[in-house]
Amino acid sequence: MAKTSKPTFYVTTPIYYVNDVLHIGHAYTTIIADILARAKKLRGCEVFFLTGTDEHGQKIEKAAAEKGLQPKELADRVVVRALDLWKALDISFDFFIRTTMPQHERGVQAVFKMLMDKGDVYKGEYKGWYCVSDENFLAEDVPLEKEGHKVCPDCGKKCILVSEECYFFKLSAYQKPLLDLYDKNPAFVRPPSRMNEVASFVRQGLRDLSITRTTVKWGVPVPGDPKHTIYVWFDALHNYLTGIGYGTDDKNFRRFWPADLHLVGKDILRFHAVFWPAFLMAGGFELPRTVFGHGWWLKDDTKMSKSKGNVLDPYQILKFFGPDPLRYFLVREVPIGLDGNFSHEAFLHRVNSDLANDLGNLVQRTLTMIRNYFQGRIDDPGPELPVDAALRQGFAELKDKAVALYDDYAINKALEEIWAYITSVNKYLAGHEPWKLAKSPSNRPRLGRILFQAAAAIRGICHLLFPVMPSSMSKVWDCLGEAKKPDEELFSEFNFDGFKKGQVIKEPVPLFPRVALKDFLSEGTAPRTPAGPTATTAARKTPAASSATKEQTMDIITYDDFKKMDLKVGLILTAERVPNTDKLLKLEVDLGTEKRQVVAGVGDVYTPEEIIGKKLIMVANLKPAVIRGVESQGMILAAESGGKAIIPFFERDVAPGSKVK
Ligand code: MSP
């Protein structure tokens, strides 16, 4: 019997220039492509995901010369860093194309020759302005005048005057075919607002485009006329053909071309939505289905760019959080078409509220309860409760919606729907108060059913979230005792009732660390104590992972666990700063029957004078520790708020040493 072939999905990112390191803006496009590629695999598609580097042209030639390197040497260095970053971000590309690869260079020459043979390329003379930073030819009247220089209207950088023999591409002949394309296929450019911009640009008339340079040597030579170098954008755009085997692997090429989705930033939309389809039409290739022009990530309301000095290094975030919170934040915070302003506060808020609280706590609590109350396996979940149908039905509806939204590249909306469901599962759990049911053996069947149902819902959430957070969702999946990987089952095959009786739940692992803003903002500082009511022995550095575990399991400690803590009222007798520290105070605290020396990290909020004579809560039976050379014999309780430790002092009179319970 003939094997039915799977539908295909071919997605690309722009290929990144190698003049500099990659920042969050570049990571953004690549993360979107990765999420959509993973979602399409779960839809049963055979996916090809292409990314890579744009290594030729004047910009790279210049950057390399400034660094005293050969262009290829510079490219080799940057490529190593790019590959490292994509690994750290869990990017699952199928091929990484470099425009210096021989198969690419040959492919570009083959197309160039074909267009020349067809008469769409002719020789002439170019005189006009050129923006090296954007690698863009500007018409005579386009550049702006600034301080006696001509500057690029797009990036504001100085332009150069170019006057040289060159080959032109007959772009003007494609005005009508392009307008027809936009008319017939409104989804060719997305979002629709960008389609309007592109169409009105083309309607104003198109001039023929210079597609070679003689004064630039770093590039692909024109076949048969090597003193001309092929224009870097003509070269680069063809990566989308050569990256899937044009000229080298015909079978693969035919399998995946035309591309389903070219993801690009709005600044390079014109190259992709005007020049690219015109080149393809001239070459007789089928046209890509969609070019999606996404918005920019701004910092302080300005596009992130090296020259403005406002770029954010993804590693600054990765080292605290790993890949998933960054992946989640970038696609959750704004719809793909719009600009977003990156703020550390907004990032932390999302991570703490959506990931650590809503999702992390749900998983941690449910799994810990199954382990504590059922030794990790529910063999007999008991009869279904009337309310359970809503959870199952809610999931079925969610799955349909989320899958349709992923299909429509509306990742942020898919996440909104998934979070609405997470909230409903949290309510289900809170409404049944399983921790109370656990107190009486007669409630055991009901308790088993509730936890079983919650685990089934978590498994469903995990499956739907896998494209966005593959690493954390794989961990949850594993803790649920699943034998297969979360992406081994398609969305269409996934069944809420696939969570089986007797599945063995493993000890939950920390998922999302909580990090304080001040630690996040201060380079090189390890993350520390979680937000919310917490204990501080001052600047004790707690690794993110362990603080998350502690926080997330707090709901379900037993009273016996709590009783182990000896909490007492302490009266501060003396307070002084610990020398050479920013915020450590050494306190002498009266515990009624004895005096203790305690070191606390509260000196950035309180002066020593203002806290002397106040009464607070102390953990009296904590093992002593030495902090910055000073012994601390216990710990005071404080709430962490906005990165500061705030001490709850007693308002009414209470005797030092009184038990707190
Ligand atoms: N080399 C060309 C692309 C050739 S594709 C055939 C290029 N490279 S780039 O490195 O300058 O930019 C690559 C992509 O990163 C572009 O889509 C650009 O929009 C995107 N971004 C760069 N800074 C960005 C932000 N601050 N925010 C979002 N995306 C941004 O152009």
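Just follow the structure's listing: the first ligand is 1, and inside any ligand the first atom is 1. Remember, predicted model here, so these are calculated numbers, not experimental data.
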Where is the nearest protein heavy atom to [atom]: which residue, which atom, and how far?
{"atom": "atom 16 (C) of ligand 1", "value": "I268 CD1, 3.7 Å"}
{"atom": "atom 9 (S) of ligand 1", "value": "Y17 CD1, 3.6 Å"}
{"atom": "atom 19 (O) of ligand 1", "value": "D267 OD1, 2.5 Å"}
{"atom": "atom 17 (O) of ligand 1", "value": "G265 N, 2.8 Å"}
{"atom": "atom 13 (C) of ligand 1", "value": "Y16 CD2, 3.4 Å"}
{"atom": "atom 25 (C) of ligand 1", "value": "G25 CA, 3.5 Å"}

Quick one: does [X] get an N or O within less than 3.5 Å of an N or O on ligand 1?
{"X": "D54", "answer": "yes"}
{"X": "W297", "answer": "yes"}
{"X": "P14", "answer": "no"}
{"X": "I15", "answer": "yes"}
{"X": "K266", "answer": "no"}

- Which ligand 1 atoms are under 4.0 Å away from a heavy-atom of G295?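 Reading through ligand 1 atom by atom, the close ones are 28 (C).
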- Message: Give the atom numbers and elements of ligand 1 that come within less than 4.0 Å of a heavy atom of A236.
- Response: 6 (C)
- Measure W233 to ligand 1 on non-hydrogen atoms and call it side chain, backbone, both or neither using the 4.0 Å cut-off.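 It is the side chain that touches ligand 1; the backbone stays farther off.
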- Task: Have a look at ligand 1 and work out which part of M304, if any, has a heavy atom under 4.0 Å from it: side chain, backbone, both or neither.
- Result: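 The answer is both, backbone and side chain.
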Charged N to carboxylate O below 4.0 Å: is that the case for [X] and [Y]?
{"X": "R43", "Y": "D407", "answer": "yes"}
{"X": "K227", "Y": "E165", "answer": "yes"}
{"X": "K59", "Y": "D20", "answer": "no"}
{"X": "E55", "Y": "R98", "answer": "yes"}
{"X": "K40", "Y": "D260", "answer": "no"}
{"X": "D180", "Y": "K184", "answer": "no"}
{"X": "D34", "Y": "R327", "answer": "yes"}

- Query: Quick one: CG on L280 to NE2 on H238, what's the gap to the nearest 0.5 Å?
  - Reply: 6.0 Å
- Item | Side-chain H-bond candidate by donor/acceptor type, Y328 with E333, under 3.5 Å | no
- With distance as the sole criterion, is a donor-acceptor pair present between the side chains of S472 and D324 under 3.5 Å?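 Yes.
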- Item | Identity of the nearest option to atom 23 (N) of ligand 1, non-hydrogen atoms only, from H56, H23, H26 |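 The option holding the nearest heavy atom is H23.
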- Looking only at non-hydrogen atoms, which of F342, F271, F275, Y240 approaches atom 6 (C) of ligand 1 most closely? Y240
- Task: Could you tell me whether ligand 1 has any atom less than 4.0 Å away from a heavy atom of H294?
- Result: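 Checking ligand 1 against H294, which is what was asked, there is a heavy-atom contact under 4.0 Å.
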- Fit a plane to each ring of H26 and H23, take the angle between them on a 0 to 90° scale, and name the class: parallel (under 30°), tilted (30 to 60°) or perpendicular (over 60°).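 Tilted.
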